Each structure stands twice: as C-alpha cells, then as structure tokens.
2 protein chains.
Amino acid sequence: MRASDRAYAALRDDIIEWRLRPGTVLAEVEQSERLGISRTPLREALSRLTAEGLTTTAGGRGVVVTDISLEDIDELFELRETLEGKAAALAAERGDAALFLQLQKELLEAPDLISGADPARHEYYELVGRLDEAIDAAISNSYLAQAMRSLRVHLVRVRRLAADDAARLTAAAAEHAAIAEAIAARNPRLAEAATTVHLHRSLSHVKATHTPH
Amino acid sequence: MRASDRAYAALRDDIIEWRLRPGTVLAEVEQSERLGISRTPLREALSRLTAEGLTTTAGGRGVVVTDISLEDIDELFELRETLEGKAAALAAERGDAALFLQLQKELLEAPDLISGADPARHEYYELVGRLDEAIDAAISNSYLAQAMRSLRVHLVRVRRLAADDAARLTAAAAEHAAIAEAIAARNPRLAEAATTVHLHRSLSHVKATHTPH
DNA sequence: AACGCCTTCAGTGTATACATAAATCCACTT
DNA sequence: AAGTGGATTTATGTATACACTGAAGGCGTT
C-alpha cells in the first residue's frame, strides 16, 4: 500500500474518532514524523482530507481539523434527508426486491445482534452497512452514490458524539427494516417517507444525547 | 498565486472546454513541462481534479480525463434535480424576497442581453450565475452548497456539448425568472416545481442537440 | 512606556534526485 | 509460430534540499 494512502487512512481515522480534535493544527513536518513518512505523501493525504471537508487550509499556516457544531449537524441531516430520501425512492424503482426482502428479514432479527456479546455491535453495523451498499448499488447513479459516500464520512464523525444505547439501536433497526420493506415492495414514496422518519428520529437522538467534547 | 492553483485552473479549464478530450492520459512529466512547473504542484492539481471526478487514476499509468456518456448526463441531472429542487425550496423559506424579486426583474429583461452584440452572452451567463449564488447564500447550508458546487463543474462540461441557441436561452431565462418569482413569493413547493420544469427542459435540450465529439 | 520597524525563524511551496513498480518488447523455448 | 519469461524502459511514488512568505519577538525610537 502507498504511504500516502496509509497517511490518509490514519489521519481520517484520527479525526473521525475524535483523537484529533477540531481546531488541531496539522503541521506537515510534525505529522510526517509522527506517521514515519516524508512530507510529500503527507501533503497528498492532507489534500484529500481538505477536499472531503474534514480539514481546511488555514491560509498558508497549515491545515486545521474542521469543527462540527450543532448547526452543522442540522445542515448535514438536511442534505442527508434530501439525498437518502431520493436514493431510497430510486432503489424502490430499480432495486432487486428479493435482496431487500432478505435484508428486511435480517434487520428484524437485529435485536439479537444488539443484545449480543459484542459491545461494539460489529455485526449490527455491518448489517446496516450492507443495506447502505445495497441501496447504493440499486440506484445505479454514480454521482448520487458519490455524494452520499462523501456525506457518510461526516456522519460517522457525528455518530461518535451520540450515545448509541441498545434501545435506540433496536428502534433504528426497526426503522431500517421498514425502509427495506418499502423498497422490496417497490413503493418509492413509502421508501422515501420511511427514510425521512428514520433520519428525523436519528437526528433527535443525536441532539438529545449530544455530549460536548 | 501558487503554481499548483494555476495548474489546477488550467487543467480544469482544458477539460471543461473539451480541449483535453475524455481518455486523454495526463502524464506527469509531460503536463508539468507543458505548464512550466515541476511535478510536485502538478500532482496536487491532479489530486484535486481526481477528487472532483474530472479525472481518474488509471492504476499506475497516470490519470486519464473522465468520459461523460449519455447515461452520465441522465445521472447528473437526476442528482441535480434532487439538490437544486431542495435548494430552491429552502431559498423560498429562508431567502430575502426583495433580492429575488430584483433578480426576477432582470431575468425578464434577459432577452435583450441574449440578442445583444456579445456572441458569448457574457452578461446573460453572469446574471444566471448571480441567481445561483443568491440561492446558495439563501439556503445557508454549507454542505448542500458544496454538493451543488461540485456538481456544477460537471454541468458546465455538459453544457459545452449542447448548442445554446438564442431560442433556448430565451426560454431558459423565462424559466429562471419563474424560479426567482416563486422564491420571492416564499412558496417552496412552487420553487421546487419551477426548478424541476427548468431542469427537464434543459435536459431535453441537451439530449436533442447533443453533438458527439 | 508604547508604538513601530527590523530581524530572525518557522513552516509551507517548489524543484529535483532517487527508488520502485508496471508495461512493453524482444528473445528464447516449446 | 505462438506463448511465456525476463529485461529494459518509462512512469509514478517518495524523499530531501532549497526558496520564499508570513509571523512573532525584540530592540530602538519617540
């Protein structure tokens, strides 16, 4: 793997997991020494992070980790509702019904995963990720898929702000199942509505349990 | 200005204006010599272009200019309808009515600009650009604005495929005026509908006058 | 004592030299 | 004659040296 890829992945993880807090200045020499690479691949990594919006160039004085405020979360979910609502509707029109029926079935059994032994709920998040991927594939629109992918980076960062307790995850699983069911039923408007409901519940939960860092 | 910025702007223009055709391989040494800079800033420019989707890295054999097919245009307008429809609705909710009323007035007089002396219709495109900027500012959602900005790069590229004759531009100006009017009237659903109508007409025009390069 | 200018330093911006990997072409073998 | 393997060449990937800009601190002057 290329050094710039490793640097990008490492910095991206550090930012998403809040190990690098907003406002932190990422000096080139400092970070390149920390990651054990030279400045050239590090600069490429920083470029990619800045293009994604995780960092911003502070006018010739290095790049700083972007802040995420409560207003940002509102804006983020406003765009998310637009994109994912449309995506769910398109998936209902174009998707493979059998696949989403299977996903619905698994999501209805998700409470078993949530109450299971794994505290990180790895299997649960993997299942939700499979639903996202299935929708991405079903819409067959690379531009829309790309826009959603770039959004998800910021969303993971926000999710780390909220406490994902078992009760919320169980409810979320049911909401995801409803989305999958609507897509499998080839009902675009229902799929969009189910997505809207899910996102509003998610946003309410994030804002309710938001813990300032 | 930084050398990497100049290289980025030059390459971006070359791609958008179809001077660099899809499939063209942008070798680092070749392009850096052509632009009179070294490979380092050129690489940064290529990174940014690739992040925007104007180029793709061809696995160890340089980056190539991305192709735009007819299906891409459909996908592009599908996303555009989603984003700009939402943006128009939000602008109707949050925008400054007086500003959009003024823009509507100017747009209704746009036929004068189109039939004017300037064959490039510089004043007309500047006016449409002001409408875009006004909507961007009104929505007060940086993530949505960012998504639309990255989309517009590809749209300019598509526009160069179509013949923007006076008749179409006159009709487009009227459609833009209708959008501005709906926003000024603080009617979100009407603003979204007017945007949908305008985009469908634009798409039809592009596909009708599309000239394969 | 406060304000302004100059010097110094730190850090990014750029160029170039070197390493590495992949693709192509030629030769050899089957 | 065709396919495969290796060598060469060409391109990207990385490191480092140098240049330039911007800032901060100290010293001098008012």
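In this text, all values refer to a predicted model and were calculated from it rather than measured experimentally. A, B, ... follow the sequence lines: proteins, then strands. Residue 1 opens every chain. Just so you know, these numbers use all the heavy atoms, side chains as well, and skip hydrogens, waters and symmetry mates.
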Note to self: Could you work out, with side chain to side chain contact (heavy atoms under 4.5 Å, CB included) as the rule, every residue matching A:A88, not counting sequence neighbours?
What the structure shows: A:A191, A:T195
Check: What residues form a side chain to side chain donor-acceptor pair (under 3.5 Å) with B:K207, not counting sequence neighbours?
Finding: B:D74
Next item on the list: Can you sort out which residues in residues 38-51 of chain A have a heavy atom within less than 4.0 Å of DNA chain D? Ascending by number, please.
Entry: A:S38, A:R39, A:T40, A:P41
Next item on the list: Name all residues meeting the side chain to side chain contact (heavy atoms under 4.5 Å, CB included) criterion together with A:D13; count only those two or more places apart in sequence or in a different chain, and write none if there are none.
Entry: A:R19
What donor-acceptor contacts under 3.5 angstrom involve side-chain atoms of residues 131-140 of chain A, with partners at least two apart or in another chain?
{"residue": "A:D136", "atom": "OD1", "partner": "A:R152", "partner atom": "NH2", "Å": "3.2"}
{"residue": "A:D136", "atom": "OD2", "partner": "A:R152", "partner atom": "NH1", "Å": "3.4"}

Notebook entry, point to check: Could you give the CD-to-P distance, from B:E33 to D:dA11, as a whole number of Å?
Noted result: 10 Å
Notebook entry, point to check: Looking at C:dA15, C:dT14, D:dT12, which one has an atom nearest to any side-chain atom of B:A27?
Noted result: D:dT12
Next item on the list: Go through C:dG11, D:dA15, C:dT14 for me and flag the one nearest to the B:S4 side chain.
Entry: C:dT14
Item checked: d(CZ, A:R2; C1', C:dA21) in whole Å -> 12 Å
Check: Between D:dA15 atom C1' and A:L35 atom CG, what is the distance in whole Å?
Finding: 15 Å
Next item on the list: Verify the ring-centre separation between A:H200 and A:F77: is it less than 6.0 angstrom?
Entry: no
Check: Out of D:dG13, C:dA15, C:dG13, which nucleotide sits closest to the side chain of B:I37?
Finding: C:dA15
Checklist line | For atom CD of A:Q31 and atom P of C:dG11, their distance in whole Å | finding: 12 Å
Checklist line | Set of residues satisfying side chain to side chain contact (heavy atoms under 4.5 Å, CB included) with respect to A:S38, sequence neighbours excluded | finding: A:T40, A:P41
